[in-house]
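What follows is a short report on a single structure.
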Amino acid sequence: MTDLIAAKKYGGVHTEEEINFIINGTVDKSIPDYQISAWLMSVCFQGMTFEESAMLTRAMAKSGDMLDLTALGGNVADKHSTGGVGDKTTLIIVPLLAASGIPVAKFSGRGLGFTGGTIDKLEAIPGFRTSLAMDEFIGQVKEIGAAIASQTGNFTPADKKLYELRDVTATVNSIPLIASSVMSKKLAAGSDIIVLDVKCGSGAFMKNLDEAKKLAETMAEIGKRSAKTMSAVISSMEQPLGNVIGNGIEVFESVQILKNEGPEDLKELCLYLSAIGLLKANKVKTIEEGVKNLDKLLKTGRAYEKFLEIVKHQGGNVDFIENPEKLYETQFAFPLESTKAGYVNKLDALEVANAAKLLGTGRDKKEDSINYNTGIFLNKKIGDKVYNGDILATIYANSVTEGKKSREILANAYELSKEPVKIPDLIIETII
Ligand code: URA
């Protein structure tokens, strides 16, 4: 291991045998944490070739269980977002794809940070079971075309161990390490078509376009080298996606979109990502054709029906889907009023996230509990005209202190200009 650390330190390229040695030693604990940490730091400085990243990813994927989805007949789709503020796209894309006849076997996670992950959001629906046995999970995809569950069993133990070490050694922020971590979980989850949504901006892991592009390309290359059908979109995370941030409240907004209501930006991104899924599954010839077909599924209510079916199958109380306002009923609501007039020219995603976190929408450690009903409703976003006294946003809180503090932070997230402001592009780049 000392030789391998030294090789990487000077920019050497590892062989497959060397990478397997490191990953096996990580999982069976024959390599001490301090050596793995030193190696991680060398990777941070020197990077990895696409081939090394692909080999690392495969080794990590094979370190635990691998899901076999052959019973679903191929063309099973998965999507992954690198995470952002207000990102509830999974809740919309999964029923959209399933209603188009593309099976989706979706594993999601709980979140660390400002809001919950998809699993936390789904658990805001009373009764919704996110922990499914493997045969039930696959059986549900066979029967209704989709299931969303948390990963149980022994998936990618190498990633778990490496991530723990990265977290405490300032080595999270490395493109090959992020890409291999994400893609190892995708390979283990067994889908054939993978659509990636790489976020770029203040509320994302990748703060600038160059970095986001590199991450997207690396993940796409890794997937292709393991015979996956890959595509990636780079989308903006300068301001939150959609109008709401929280857990239950994000389910509410997803239901709105599925009923052909709700904010345009969220709808645009969900239709675009799903249309790429359709294109890659050879169901349409162009992304535009896919968007058109999917839009019909929203208008006819078929995507909404599919979501209801998923919720019913997984034990969720459909009353909360039929009346989704119930998902963010809190004791207190605090409006944030504008003290001037103008146009919103900045709505800092990270500040909004911090304001939400104060309400208990997220967690710092895996063991922490979160609030399902608290959250933020943004009435004004970039480009919107604002009059003095207009309500910019409303905060749904369970405590007066938290609500007021959250409102103070949220006020700093907004910046107004006197001149009209152009709404920035949401979809920045597509790698097909
Ligand atoms: N998400 C992951 O799954 N892994 C990383 O390394 C970063 C984000």
Side-chain angles (χ1 to χ4, degrees), residues 19 22-23 26-27 36-37 39-45 47-48 52-54 56-61 63-65 67 78-85 87 89-90 106-120 148-151 154-191 194-208 211-223 226 228 230 232 234-235 237 349-350 353 362-366:
I19 286 183
I22 295 169
I23 293 305
T26 300
V27 177
I36 300 166
S37 303
W39 177 77
L40 288 167
M41 188 59 87
S42 327
V43 173
C44 278
F45 283 113
M48 281 187 149
E52 275 181 303
S53 304
L56 175 64
T57 307
R58 278 196 295 272
M60 285 161 74
S63 69
D65 300 341
L67 197 56
D78 194 354
K79 59 82 61 174
H80 180 82
S81 158
T82 57
V85 187
D87 186 348
T89 52
T90 295
K106 183 83 187 99
F107 280 126
S108 289
R110 275 170 229 285
L112 283 184
F114 27 79
T115 51
T118 300
I119 291 300
D120 298 303
I148 313 175
S150 54
Q151 266 184 354
N154 183 32
F155 279 94
T156 55
D159 176 57
K160 287 192 187 86
K161 179 69 196 175
L162 289 181
Y163 199 88
E164 270 171 32
L165 291 176
R166 288 167 60 205
D167 200 26
V168 292
T169 55
T171 53
V172 169
N173 205 1
S174 144
I175 286 177
L177 294 180
I178 297 172
S180 55
S181 164
V182 170
M183 287 304 297
S184 65
K185 286 172 276 206
K186 297 285 123 186
L187 297 190
S191 291
I194 301 167
V195 183
L196 303 168
D197 177 16
V198 178
K199 306 284 189 192
C200 171
S202 102
F205 242 120
M206 298 292 125
K207 306 286 179 207
N208 67 58
E211 295 268 284
K213 263 194 207 168
K214 268 191 223 147
L215 179 62
E217 275 165 14
T218 308
M219 291 196 288
E221 273 300 320
I222 288 172
S226 283
K228 300 293 175 190
M230 299 298 300
I234 296 168
S235 66
M237 190 32 75
L350 190 58
R363 58 165 83 74
D364 291 316
K365 295 190 295 313
K366 267 200 318 249

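Counting convention: from 1, in listed order, for ligands and their atoms alike. In this text, all values refer to a predicted model and were calculated from it rather than measured experimentally. Numbers for residues simply follow the sequence, beginning at 1.
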- Message: Quick one about Asp87 and Ser81 (side-chain donor to acceptor, distance below 3.5 Å, no hydrogens or angles considered), yes or no?
- Response: yes
- Query: Does any donor atom in the side chain of Lys186 or Ser191 lie under 3.5 Å from an acceptor atom in the other side chain?
  - Reply: no
- Message: Out of all atoms in ligand 1, which are within 4.0 Å of some heavy atom of Ser181? Include the element for each.
- Response: 2 (C), 3 (O), 4 (N), 5 (C), 6 (O)
- Message: At less than 4.0 angstrom from any non-hydrogen atom of Phe205, what atoms of ligand 1 do you find?
- Response: 7 (C), 8 (C)
- Heavy-atom donor-acceptor pair, Ser63 side chain to Ala158 backbone, under 3.5 Å: yes
- Message: According to side-chain contact (heavy atoms from CB on, under 4.5 Å), who are the partners of Ala220, at least two apart in sequence or on a separate chain?
- Response: Met230
- Non-neighbouring partners of Phe205 that pass ring pair (Phe, Tyr, Trp, His ring centres under 6.0 Å), sequence neighbours left out: none
- How far is atom 3 (O) of ligand 1 from its nearest protein heavy atom, and which residue and atom is that? Lys185 NZ, 2.5 Å
- Considering heavy atoms of the protein only, find what lies nearest to atom 1 (N) of ligand 1 and give residue, atom and distance to 0.1 Å. Val182 CG2, 4.0 Å
- Task: Check if Val172 has a non-hydrogen atom at a distance under 4.0 Å from any atom of ligand 1.
- Result: no
